[in-house]
Amino acid sequence: MNKTTFHTTALSVSVLLMFSACRQEVLPPQAVGPVPDENQLAWHEREQYAFVHFTTNTFTDKEWGYGDESPDIFNPAAFDAAQWARTVRDAGLKGIILTCKHHDGFCLWPSAYTEHSVRHSPFREGKGDVVKEVADACRRYGLFFGVYLSPWDRNFAQYASPEYITYYRNQLTELLDNYGEVSEVWFDGANGGDGYYGGAREQRKIDNRTYYDWPNTHALVRRLAPRAMMFSDAGPDIRWCGNERGLAGETNWCTISGDTLYPGKPDITALLNTGSEDGNAWIPAEVDVSIRPGWFYHETENDRVRTPENLFALYLQSVGRGANLLLNLPPDRRGLIHENDVQALLGWKKMLDEAFADNLAVRAVATADTYRGKAARYAASCVTDGDRDTYWATDDGVTTGSLELDWGNRRKISHVVIQEYIRLGQRVKAFDVEAKKGDAWEKVSGGTTIGYKRILSLEGVETSALRIRITDAKACPLISNVEVY
């Protein structure tokens with residue numbers, strides 16, 4: 001072989017090797033349908049946090065104030081925002097959303113745009129600011145802070161006129177400008193009806209599809225608080241779950257067509273509960289529910305606080321179905337979270353810690369019947385590596401597949417946690433969970449959607465291995481995490 005032939009042959013082999021390497025490269029899956037943005041991904045990871053309903057209703061024993069309540073009645077003499085924040089933190093909740101103004105129009109901050117506020121109350125001799133104290137306490141205890149500003153105002157004389165929209169946005173601007181970072185803005189769907197309205201005492205109806213000009217209000221929030229999530233029946237970032245019982249849908253798509261919705265739209269609760277498989281926007285569900293029968297404190301409900309067991313069930317029916325849990329904790333007339341509520345919360349936290357303490361999956365051998373391109377970066381082991389950015393995947397066009405986790409010895413199993421890699425969309429439409437019984441597999445649970453997180457209760461199944469079978473999906477399934485307890 002002469003020198004020229006040798007160089008030509010070597011070059012050919014090099015080119016072939018490079019071509020072969022390129023052919024072996026396994027590309028990641030393409031996104032399917034709407035996907036969450038970075039703010040929404042951070043919201044999913046919060047999972048559970050506190051709602052706090054507190055206003056003149058606390059002192060009138062009402063749920064909805066009429067708007068004619070005197071600021072003189074608002075005087076929580078032992079108010080302690082730090083007690084709220086400690087309670088929330090110790091319960092494992094990640095933040096507080098405060099009802100800065102409920103339907104009665106009373107403002108928990110000294111708004112420059114109304115006399116109906118803490119500035120004209122005995123609280124802190126008229127120099128108090130509940131919003132500031134709560135926002136500061138949240139930061140001190142590592143919690144996020146959110147604001148609720150009711151679109152309906154039964155006190156304001158110009159409600160139902162264009163002037164009110166300016167007033168509303170001025171108050172929203174105060175809240176977003178003056179209290180540090182706001183992580184969630186909560187827009188209620190209740191609006192229009194009877195009220196005081198500065199003494200008019202009449203019914204005022206508005207067209208809730210158009211009156212509030214929501215797109216421009218949303219744009220204001222985007223400008224002043226670009227990382228804040230906005231909640232309403234219509235989103236635009238997160239949606240109501242359709243009920244106040246603490247139940248996300250057994251089928252719960254994070255997608256829905258938000259352009260057909262508006263806050264307070266009738267007859268959509270079932271749709272809000274399940275979302276839409278073919279929805280055109282990523283607008284996941286938030287579950288709002290109170291620890292007591294009412295949203296505001298009532299002394300007669302001191303013995304009707306939810307038990308730790310009931311709170312645990314709510315967790316499984318909300319976070320365990322791919323939604324976030326917003327649990328209301330109404331302070332009493334002292335301005336404190338009541339002792340009964342605190343006791344229930346700590347009992348619930350203990351149950352959660354015990355139920356999800358020993359993850360058998362981290363000691364299991366994980367295998368799959370198929371994985372994408374036979375590439376290690378998509379193998380079954382990705383579901384137990386503790387890395388949220390790795391995932392098991394199948395080849396394009398393969399919409400079924402199974403994962404098996406085997407930890408060797410028989411153990412009693414209570415819960416299984418499954419998570420999709422939602423950065424590339426929500427895909428799974430149906431799945432089964434099977435337990436190994438001898439040499440056979442027996443179905444012990446299953447469901448439809450998975451989404452950010454699905455938690456299944458197995459009621460003490462004894463087995464040495466579990467198999468998760470994806471039986472239907474919109475595209476190749478992507479599972480990022482599996483935990484077994």
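Values below: all heavy atoms of this structure, side chains included; hydrogens, waters and symmetry mates excluded. Sequence positions, counted from 1, serve as the residue numbers for this chain.
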Looking at [Y] and [X], is any side-chain nitrogen of the basic one under 4.0 Å from a carboxylate oxygen of the acidic one?
{"X": "E250", "Y": "R454", "result": "yes"}
{"X": "R411", "Y": "D358", "result": "yes"}
{"X": "K437", "Y": "E442", "result": "yes"}
{"X": "E38", "Y": "R423", "result": "yes"}
{"X": "R140", "Y": "D136", "result": "no"}
{"X": "D432", "Y": "K443", "result": "yes"}

Determine whether the aromatic ring centres of residues F54 and H102 are separated by less than 6.0 angstrom.
no

Donor + acceptor pair across side chains of [X], [Y] (<3.5 Å):
{"X": "H103", "Y": "S150", "value": "yes"}
{"X": "E244", "Y": "W295", "value": "yes"}
{"X": "W253", "Y": "Q426", "value": "no"}
{"X": "Y49", "Y": "W43", "value": "yes"}
{"X": "W240", "Y": "D288", "value": "yes"}
{"X": "Y452", "Y": "E45", "value": "no"}

Using a 4.5 Å cut-off on heavy atoms from C-beta on, say whether the side chain of [Y] contacts that of [X].
{"X": "H415", "Y": "L316", "result": "yes"}
{"X": "I291", "Y": "W348", "result": "no"}
{"X": "L98", "Y": "Y148", "result": "no"}
{"X": "I165", "Y": "N216", "result": "no"}

For the side-chain contact (heavy atoms from CB on, under 4.5 Å) test, which of T217, D237, N39 pairs with M230?
D237

Would you mind writing out the side-chain donor-acceptor pairs for residues 87-97 within the sub-3.5 Å range, not counting sequence neighbours?
unit_1 : atom_1 : unit_2 : atom_2 : d
T87    : OG1    : Q83    : O      : 2.8

Stepwise, does the salt bridge (charged side-chain N to carboxylate O under 4.0 Å, His left out) test hold for K474 with E277?
CA-CA 9 Å; K474 295 169 69 173; E277 179 184 337; 5.6 Å; no

Can you name the residues that form a ring-ring contact (aromatic ring centres under 6.0 Å, His included) with F231, not counting sequence neighbours?
W186

With a 3.5 Å cut-off and sequence neighbours excluded, list the donor-acceptor pairs that the side chains of residues 478-485 form with protein atoms.
unit_1 : atom_1 : unit_2 : atom_2 : d
S480   : OG     : Q419   : O      : 3.4
N481   : ND2    : Q419   : OE1    : 2.8
N481   : ND2    : E483   : OE2    : 2.7
E483   : OE1    : Y485   : OH     : 2.6

Applying side chain to side chain donor-acceptor pair (under 3.5 Å) to Y179 and D129, what does each step give before you reach the verdict?
CA-CA 11 Å; Y179 297 98; D129 188 336; 2.7 Å; yes

Could you state the interatomic distance from OG1 (T384) to CH2 (W407), rounded to the nearest 0.5 Å?
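Rounded to the nearest 0.5 Å, the OG1-CH2 separation comes to 12.0 Å.
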
